[in-house]
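Scope of the values below: all heavy atoms of this structure, side chains included, with no hydrogens, waters or symmetry mates. Reminder, nothing fancy here: chain letters follow the sequence lines and each chain counts from 1.
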Amino acid sequence: MDAMIDLKQLRENPARFALGAKAKNIPVDIERLLELDGERRRLQAEADRLRAEQNRLAKESGPQIGKLKGQLKGKHGPEAEALQKEIDALASRPIALKQAVQEMEARLASLEPSLREILLQVPQPPDADVPVGRSAEDNVELRRWSPPGFDPSAPFAAQRGFRPKSHLELVRDLGLADFERGVKLSGSRSYVLTGDGMNLHQAVLRYAADWMVYREGFRAMSVPVLVKEEAMVGTGFFPAGREQAYLVDEKSRSGGPEGYDLFLTGTGEVGLMGLHMDEILDESALPLKYVTVSTCFRREAGAAGKDTAGLYRIHQFDKVEQVVICRADEAESRAWHARMIGYVEAILRSLEIPHRLLQCCTADLGPKNADMVDIESWMPGRGEPGPDGSPTGAYGETHSASRLYDFQCRRLNMRYRSGGAKGHGETVFCHSLNNTVLASPRFLIPLLENHQNADGSVTIPGPLRPYMGGRERIGP
RNA sequence: GGUGAGGUGGCUGAGCGGUCGAAAGCGCCGGACUUGAAAUCCGGUAGGGGGCUCGUCUCCCUCGUGGGUUCGAAUCCCACCCUCACCGCCA
């Protein structure tokens, strides 16, 4: 069975996993898991013992049978009969054992599915320094930033001299998106980016990707967005997130058992992390720093009625994603987490987008994370309408930085050999981290809304201008 | 989509029913030689799981994956996955 969570650790300290699951509000029957594990180990030991005996007999009698068969060649009559009898006697010795082994194996096999099912559901326990909470409401703000001369907590109109438009109004008035035709083509939560909407979309993606590649030395990758189930399970998105993923049903289409289903990935993380599945890496190759820009697909099951309008919650978008795969060292992994968050903060500052960092509480972590920090960008057009009917603005999630220890790499069977240069040490599961660099078109919301002008135009922030043909503004 | 060949350790590649977890070469590690290095020589070198008297201990599993035949399978049979070559189609 593949490594999910470390069964040894679970046996030694089941409470840690039970409490961790509870803090995450994820139901999982650790008691039952321990029972099944114990039962399996008992059967395994017994089967091993029987098989060892069987092997011993076979090893003993094998060469003898071979020798006797050699003597049998060309012989006839009573002499041949005697030899044949001897051969049969030798051959029959392991038969009883064989049946016993088969029985044990059958019992073992019947145990595996339920064991595996539970094992796959056990979440990574949250780190001790993650605040315990019941929902996203209990996330804790770490810090916030806004460009000089603008304060998100004060009314937009008072500071900028006009009432802000929401991104919906901006994209309509400036001709940046066409929702009607998007819906015509693909149903709800679909859109078409038009003209400068598409230009801006490509500009921010390229800007973010270039930042990671040319400033931070990440390796640019194009990875599949259509992947096997293995990759979804390995990266920890399945089984819990199965409802969130689009399925390309190749299995039933073929009408037979051949072929397998494929899934559309909801993040480039799946492709990047899946790259080294089942590999043993050289320690000297670590850390691996990858960045990809990929189209992401999400069913948004369970989000019916939420954020139905505009570019916020949509089924398909593009995302620049960073992952780091490093040695199994908590301090190193924590340092990378901070650094990866720092890249995003720097990008947001360079684009003059007010934002804040949230330490996610235990309930908001999801099964795979030990720790997660969200970054929310200020969206002046979001939130409840104020007394004058214009939006008051709100922070909206645009980034999410996860620290996973070896949770993913266990599932992906992704290891390195420890022990210095070309070391001869043990194989160890890598640690992994991931963080959004920039997701668009959601990011167009804070970009357009924060940089809108009184005349309805939108100023293109300086760093994006090279990606927009040198232009300074969109609109009149 | 059609036809053919093939998937073996970090790599190349032999093995085609028993002593094979597996020849040989390369690579890598350790040692000898050397002022140092190269060359040479000697030795070592897959992964996973279990047991205890925890050790230069022991057992089990793994030769693409899953089944089957057999006393015994890397080797024979079936299905699937994948790779390569040629043909057809095609952004």
Side-chain angles (χ1 to χ4, degrees), chain A residues 1-12 36-73 83-102 104-113 115-116 119 222 224 226-231 233-234 250-262 274 276-285 406 409-430:
Chain A
M1 171 160 314
D2 317 331
M4 315 289 167
I5 45 126
D6 190 342
L7 266 172
K8 276 185 204 154
Q9 283 182 26
L10 185 108
R11 273 176 221 133
E12 278 161 24
L36 288 169
D37 175 54
E39 178 68 5
R40 191 194 54 164
R41 285 208 295 166
R42 261 193 304 284
L43 289 172
Q44 185 74 60
E46 182 59 10
D48 281 358
R49 198 185 61 73
L50 291 168
R51 205 170 358 223
E53 179 65 8
Q54 190 193 4
N55 285 344
R56 198 182 59 75
L57 282 176
K59 224 164 218 171
E60 239 174 55
S61 53
Q64 293 180 37
I65 292 175
K67 207 157 58 176
L68 291 171
K69 277 191 174 165
Q71 293 175 12
L72 188 62
K73 263 188 194 147
L83 280 170
Q84 187 60 52
K85 234 178 203 168
E86 213 176 322
I87 289 171
D88 291 346
L90 277 171
S92 66
R93 284 171 68 195
I95 287 183
L97 280 171
K98 189 190 173 188
Q99 282 169 355
V101 168
Q102 278 177 344
M104 280 299 157
E105 279 174 348
R107 287 173 64 188
L108 219 55
S110 70
L111 223 55
E112 293 291 337
L115 187 58
R116 183 183 158 81
L119 205 45
S222 154
L226 193 59
V227 302
K228 299 185 194 176
E229 180 168 9
E230 216 181 323
V233 173
E250 284 296 301
K251 203 172 217 163
S252 82
R253 151 182 287 192
S254 69
E258 78 252 37
Y260 42 73
D261 292 340
L262 293 165
H276 298 288
M277 178 163 49
D278 292 322
E279 290 183 27
I280 300 175
L281 304 162
D282 262 3
E283 184 171 10
S284 60
D406 63 2
C409 296
R410 271 181 187 287
R411 290 180 163 232
L412 288 164
N413 193 25
M414 179 189 230
R415 293 164 294 171
Y416 68 94
R417 198 175 291 285
S418 70
K422 304 278 179 188
H424 251 258
E426 289 180 313
T427 55
V428 187
F429 291 109
C430 308

Practice prompt. Determine the interatomic distance between C1' on B/G7 and the same-named atom on B/C63; round to the nearest Å.
Written response: 10 Å
Practice prompt. Using atom CG of A/N413 as one end and atom P of B/A46 as the other, report the distance to the nearest whole Å.
Written response: 18 Å
Worksheet item: Got a second to check how far A/L36's CG is from A/L115's CG, nearest 0.5 Å?
Response: 5.5 Å
Discussion item. Could you tell me how far B/A5 sits from B/A79 if I compare only their P atoms? Round to whole Å.
Written reply: 15 Å
Practice prompt. Give A/R42 one of three labels, base, sugar-phosphate or nothing, depending on what nucleic acid heavy atoms sit under 4.0 Å from its own.
Written response: nothing
Worksheet entry | Atom P, compared across B/G43 and B/C59: separation rounded to whole Å | 25 Å
Worksheet entry | Gap in Å between the two P atoms, one belonging to B/C82 and one to B/G10, rounded | 23 Å
Discussion item. Using heavy-atom distances to pick each residue's nearest nucleotide on RNA chain B, tell me which of A/A45 and A/K228 is more 5'.
Written reply: A/A45
Item to complete: Measure from the side-chain heavy atoms of A/Q54 and tell me the nearest of B/G50, B/G47, B/G72.
Response: B/G72
Worksheet item: What integer distance in Å separates A/L108:CG from B/G49:P?
Response: 16 Å
Worksheet, complete the sentence: To the nearest angstrom, the CD-C1' distance between A/E230 and B/U65 comes to 10 Å
Practice prompt. Please round to the nearest 0.5 Å and tell me the distance separating atom CD of A/Q99 and atom CG of A/L50.
Written response: 12.0 Å
Worksheet item: Which pair of heavy atoms, one from A/Y416 and one from A/F429, lies closest together, and at what distance?
Response: CE2-O, 4.1 Å
Worksheet, complete the sentence: CG (A/L10) and CD1 (A/I5) are apart, to the nearest 0.5 Å, by 4.5 Å
Worksheet, complete the sentence: Residues at least two apart in sequence or cross-chain that pass side-chain hydrogen bond (donor to acceptor under 3.5 Å, both in side chains) with A/R107, listed by chain then number, are none
Fill in: d(NE2, A/H276; C1', B/G10) in whole Å
16 Å
Worksheet item: Between B/G4 and B/C61, how far is it from one P atom to the other, in whole Å?
Response: 37 Å
Practice prompt. Look at the side chain of A/R411 and the backbone N and O of A/V233, then say whether any donor-acceptor pair between them is shorter than 3.5 Å.
Written response: yes
Fill in: Verdict with supporting geometry, A/L108 and A/R40, side chain to side chain contact (heavy atoms under 4.5 Å, CB included)
CA-CA 6 Å; A/L108 219 55; A/R40 191 194 54 164; 4.0 Å; yes
Discussion item. I'd like the P distance from B/G6 over to B/C78, given in whole Å.
Written reply: 14 Å
Item to complete: Assess whether side chain to side chain contact (heavy atoms under 4.5 Å, CB included) is satisfied between A/M277 and A/K228, documenting all intermediate values.
Response: CA-CA 12 Å; A/M277 178 163 49; A/K228 299 185 194 176; over 6 Å; no
Practice prompt. Rounded to the nearest angstrom, tell me the gap between atom CG in A/D278 and atom P in B/C81.
Written response: 19 Å
Discussion item. For a quick test of reading the model: is some side-chain N or O of A/R415 closer than 4.0 Å to OP1 or OP2 of B/G47?
Written reply: no
Discussion item. How many whole angstroms separate atom CG of A/L115 from atom P of B/G50?
Written reply: 12 Å
Item to complete: In whole angstrom, give the distance that lies between atom CG of A/D261 and atom P of B/C80.
Response: 16 Å
Item to complete: Considering only atom P, compute the distance from B/G36 to B/C54 and round it to an integer number of Å.
Response: 43 Å
Response to the item:
In whole angstroms, the gap separating P of B/G49 from CD of A/Q9 amounts to 13 Å
Nucleotide N/O of nucleotides 58-63 of chain B paired with protein N/O under 3.5 Å:
| unit_1 | atom_1 | unit_2 | atom_2 | d |
| --- | --- | --- | --- | --- |
| B/C60 | OP1 | A/N55 | ND2 | 3.3 |
| B/C60 | O3' | A/R51 | NE | 3.2 |
| B/C60 | O2' | A/D48 | OD1 | 2.8 |

